[in-house]
Chemist: 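I'd like to ask some things about the structure below.
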Amino acid sequence: MFIRNHVTSVVAIMYQCTSLPMRNFSVCRYLSSPKRRSSYSLVDSERYSSLVKSVMSSKVSSQTPETLLAEDEHIYGRIVKAHIPPTVSEMREPKSLHPFLLHEKTEETDEAESAPPLRIILKRGQDRASIPSVTRVLQQTLSSEQIFYLERWKKKMIAELGEDGFKEYSQNLFRQGKRFHTALDDILMSDATQKDEYASDTLELPPEIQGYVESISHILEDVSAVRAIESTVQHDTLKYLGIVDCVARYRGVLCVIDWKTSEKPKPFLSNTYDNPIQVAAYAGALNNDGNYKYQVEHGLIVVAYKDGSPAHAHKLSSELMLQYWNIWLQRLEKFTELSSSHVSSAFSQKK
DNA sequence: GGATCCTTCTTCTTCTTC
């Protein structure tokens, strides 16, 4: 078990290395090197001896900040405040420094928690037509490694089931996932609105869903104060939207909850691929959406199984959420670059 | 009424030893 956990964490570090910007990559390389060496030890000290001497020398220069400024002015002229256009990342960066540790929105009251869950239906108007969704961004910015393994899996399945068989298999997976979500929405909504602890027991469940619901029954015992169900969230600054499965308290902590169905067991967070990024993206959007009068800092991914075996619940602390939020920003940036290059190439073709 | 959108899922592995 230890070895497995160890390997998982090493893989997690490797994954982070590949997902983070170059400066972080060098940090990872530094951490993974067998012997931590200072980069200064690599400097050809003989070659730079005069420079080192001049830097280390205590001799005071005849130049002072004032004389340097006067000299600069003489050479370059007076400083004129120039308008520097913001970079894409600056434009996209929200005004808030931390999307999960802000308390700008008014504090919650017990009354607000006892109100019926919010459900903002997605309406695609003209203003929203161009706004990408979380799913679309994640799908279109998969790594080449992810695409490779998915394609390989697909080929294997088609070889096994045939084209039509695979199509039917995929549709069935989607159908089960959708039915599970619908059933869960009914359960949560009926519990939240009827104030009856056993209200959901009277609900009729489709037979193929019963195992999944049984799988999450122990999780549902710890879920309370449901605030939102299948509700649209939109990041007003970063311009993206999505639909959160659920916002509720899990063991007393307010979380964005994502329900998943899976054929394979997913006991580790790393088994859930991009799901944590999805949850962080939803939470970040909710925290920047005026329709929600509260902040959510935590996340929860619940993986349910058809045979009724206990679901795996992966908690995402605010620290983890921030890490995944940063990965989400990178994916969003990549998506923007891809779509703008797509637009410009389409434009040049038209020309 | 039809089309489109947001979701719903799918990946990480192969061989040795006890």
Side-chain angles (χ1 to χ4, degrees), chain A residues 3-5 7-19 119-161 163 165-185 206 208-209 212 216 228-235 239-246 256-279 281-282 285-286 289 301-306 311 335 339:
Chain A
I3 294 170
R4 176 125 194 219
N5 281 337
V7 169
T8 310
S9 46
V10 169
V11 170
I13 291 169
M14 284 168 69
Y15 175 69
Q16 295 221 347
C17 287
T18 56
S19 331
R119 184 176 222 147
I120 300 173
I121 306 292
L122 174 68
K123 279 179 194 149
R124 280 287 200 177
Q126 272 193 332
D127 57 326
R128 277 181 164 179
S130 61
I131 299 178
S133 72
V134 172
T135 308
R136 205 168 104 206
V137 171
L138 289 177
Q139 269 177 351
Q140 293 190 14
T141 57
L142 289 170
S143 68
S144 49
E145 200 184 10
Q146 282 177 302
I147 293 168
F148 168 77
Y149 284 118
L150 282 166
E151 282 297 317
R152 192 180 67 161
W153 168 81
K154 195 176 163 184
K155 272 182 198 162
K156 223 190 275 179
M157 292 300 282
I158 289 173
E160 218 173 281
L161 306 170
E163 283 277 358
F166 176 69
K167 205 175 169 185
E168 200 182 320
Y169 167 77
S170 307
Q171 283 174 343
N172 192 39
L173 281 182
F174 283 151
R175 193 167 48 239
Q176 282 186 18
K178 280 180 182 176
R179 285 188 179 163
F180 171 61
H181 275 77
T182 310
L184 203 43
D185 294 349
E208 60 171 359
I209 300 306
Y212 288 119
I216 58 155
I229 295 172
E230 291 283 331
S231 197
T232 304
V233 289
Q234 182 171 327
H235 199 297
K239 304 290 177 207
Y240 70 87
L241 57 77
I243 299 172
V244 282
D245 276 354
C246 180
V256 163
I257 305 175
D258 211 42
W259 311 104
K260 299 285 180 195
T261 56
S262 177
E263 299 213 303
K264 277 189 189 174
K266 291 179 175 172
F268 303 108
L269 182 64
S270 57
N271 299 135
T272 65
Y273 301 96
D274 286 347
N275 293 166
I277 309 173
Q278 186 186 13
V279 170
Y282 288 150
L286 187 149
D289 186 327
I301 298 164
V302 181
V303 187
Y305 305 111
K306 194 174 187 176
F335 176 83
S339 39

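Chain letters run A, B, ... following the sequence lines, proteins first, then strands; residues in each count from 1.
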Chemist: By side-chain hydrogen bond (donor to acceptor under 3.5 Å, both in side chains), which residues pair with A/T141, not counting sequence neighbours?
Modeler: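 If we apply the side-chain hydrogen bond (donor to acceptor under 3.5 Å, both in side chains) test to A/T141, skipping adjacent residues, the hits are A/R331.
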Chemist: Rounding to a whole Å, what distance do you find between A/H181:NE2 and B/dC9:C1'?
Modeler: 11 Å
Chemist: Between atom CD in A/Q146 and atom P in B/dT10, what is the gap in whole Å?
Modeler: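 Checked: the CD to P distance equals 14 Å.
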Chemist: Just to confirm, is there a sub-4.0 Å distance from OP1 or OP2 of B/dC9 to any side-chain nitrogen or oxygen of A/Y212?
Modeler: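 So the side chain of A/Y212 is outside the cut-off, no N or O lying under 4.0 Å from OP1 or OP2 of B/dC9.
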Chemist: What's A/Q171 touching, base or sugar-phosphate or nothing? Going by heavy atoms closer than 4.0 Å.
Modeler: nothing
Chemist: So for atom CD, which belongs to A/E208, do other residues, nucleotides or ligands contribute more than 12 heavy atoms lying within a distance under 6.0 Å?
Modeler: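 Yes, the 6.0 Å shell around CD holds more than 12 heavy atoms from other groups.
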Chemist: Report the residues that fulfil side-chain hydrogen bond (donor to acceptor under 3.5 Å, both in side chains) with A/T261, sequence neighbours left out, ordered by chain and then residue number.
Modeler: none
Chemist: In chain order, what residues pass the side chain to side chain contact (heavy atoms under 4.5 Å, CB included) check against A/E263, with sequence neighbours excluded?
Modeler: A/Y169, A/L173
Chemist: At under 4.0 Å, does any side-chain N or O of A/S170 touch on OP1 or OP2 of B/dT10?
Modeler: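 No, A/S170 has no side-chain N/O under 4.0 Å of OP1/OP2 on B/dT10.
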Chemist: Side chain of A/K178, heavy atoms from C-beta onward: which of B/dT11, B/dT10, B/dT8 has the nearest atom to it?
Modeler: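 Nearest listed nucleotide: B/dT8.
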Chemist: Would you please name every residue forming a side chain to side chain contact (heavy atoms under 4.5 Å, CB included) with A/Q139, sequence neighbours left out?
Modeler: A/T135
Chemist: With sequence neighbours left out, what residues match A/R175 under salt bridge (charged side-chain N to carboxylate O under 4.0 Å, His left out)?
Modeler: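 Partners of A/R175 under the salt bridge (charged side-chain N to carboxylate O under 4.0 Å, His left out) test: none.
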Chemist: May I have the distance from A/D274 (atom CG) to B/dT7 (atom P), rounded to whole angstrom?
Modeler: 14 Å
Chemist: Taking only residues two or more places apart in sequence, or in another chain, which ones meet A/K154 in a side chain to side chain contact (heavy atoms under 4.5 Å, CB included)?
Modeler: A/I158, A/F166
Chemist: Among residues at least two apart in sequence or on other chains, which ones pass side chain to side chain contact (heavy atoms under 4.5 Å, CB included) with A/K306?
Modeler: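 Expected list: A/Q176, A/Y212.
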Chemist: Rounded to whole angstroms, how far apart are CZ on A/R175 and P on B/dT7?
Modeler: 21 Å
Chemist: Keeping the roles fixed (side chain from A/S231, backbone from A/I120), state whether a donor-acceptor pair exists under 3.5 Å.
Modeler: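 Yes: the side chain of A/S231 pairs with the backbone of A/I120.
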Chemist: Check the phosphate of B/dT8 against A/Q278, side-chain N and O only, distance under 4.0 Å to OP1 or OP2. Yes or no?
Modeler: yes
Chemist: Roughly how many Å is it from CG in A/N275 to P in B/dT7, rounded to a whole number?
Modeler: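 Taking atom P of B/dT7 as the reference, CG of A/N275 is at 13 Å.
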Chemist: Report yes if at least one side-chain N or O of A/T261 is closer than 4.0 Å to OP1 or OP2 of B/dT8; otherwise report no.
Modeler: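 Answer is no, no contact under 4.0 Å.
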Chemist: Within residues 151-161 of chain A, which residues have any heavy atom lying less than 4.0 Å from an atom of DNA chain B?
Modeler: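 Heavy-atom cutoff 4.0 Å gives A/R152, A/W153.
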Chemist: Can you work out whether A/L142 or A/D258 has the more 5'-proximal nearest nucleotide on DNA chain B?
Modeler: A/D258
Chemist: Side chain of A/D258, backbone of A/I301: donor and acceptor closer than 3.5 Å?
Modeler: no
Chemist: Give every pair of a protein N or O atom and an N or O atom of nucleotides 1-3 of chain B that lie under 3.5 Å apart, one pair per line with the distance.
Modeler:
none

Chemist: Would you say B/dT7 has OP1 or OP2 under 4.0 Å from some side-chain N or O of A/S133?
Modeler: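 Yes, within the criterion.
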Chemist: Give one of base, sugar-phosphate or nothing for A/I243, where a contact means two heavy atoms less than 4.0 Å apart.
Modeler: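 Sugar-phosphate: the residue A/I243, judged by heavy atoms under 4.0 Å, touches backbone atoms but no base.
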Chemist: Using a 4.0 Å heavy-atom cut-off, does A/F166 contact any base of the nucleic acid, only the sugar-phosphate backbone, or nothing at all?
Modeler: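 The residue A/F166 makes no contact with any strand.
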Chemist: Please tell me if A/K167 has a side-chain N or O lying less than 4.0 Å from either OP1 or OP2 of B/dT10.
Modeler: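 For B/dT10, neither OP1 nor OP2 has a side-chain N or O of A/K167 closer than 4.0 Å.
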Chemist: Is there a side-chain contact between A/K260 and the phosphate of B/dT8, meaning an N or O under 4.0 Å from OP1 or OP2?
Modeler: yes
Chemist: Any stacking of A/F174 on B/dT8, going by centres under 5.5 angstrom and planes within less than 30 degrees?
Modeler: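 Check passed, A/F174 stacks on base of B/dT8.
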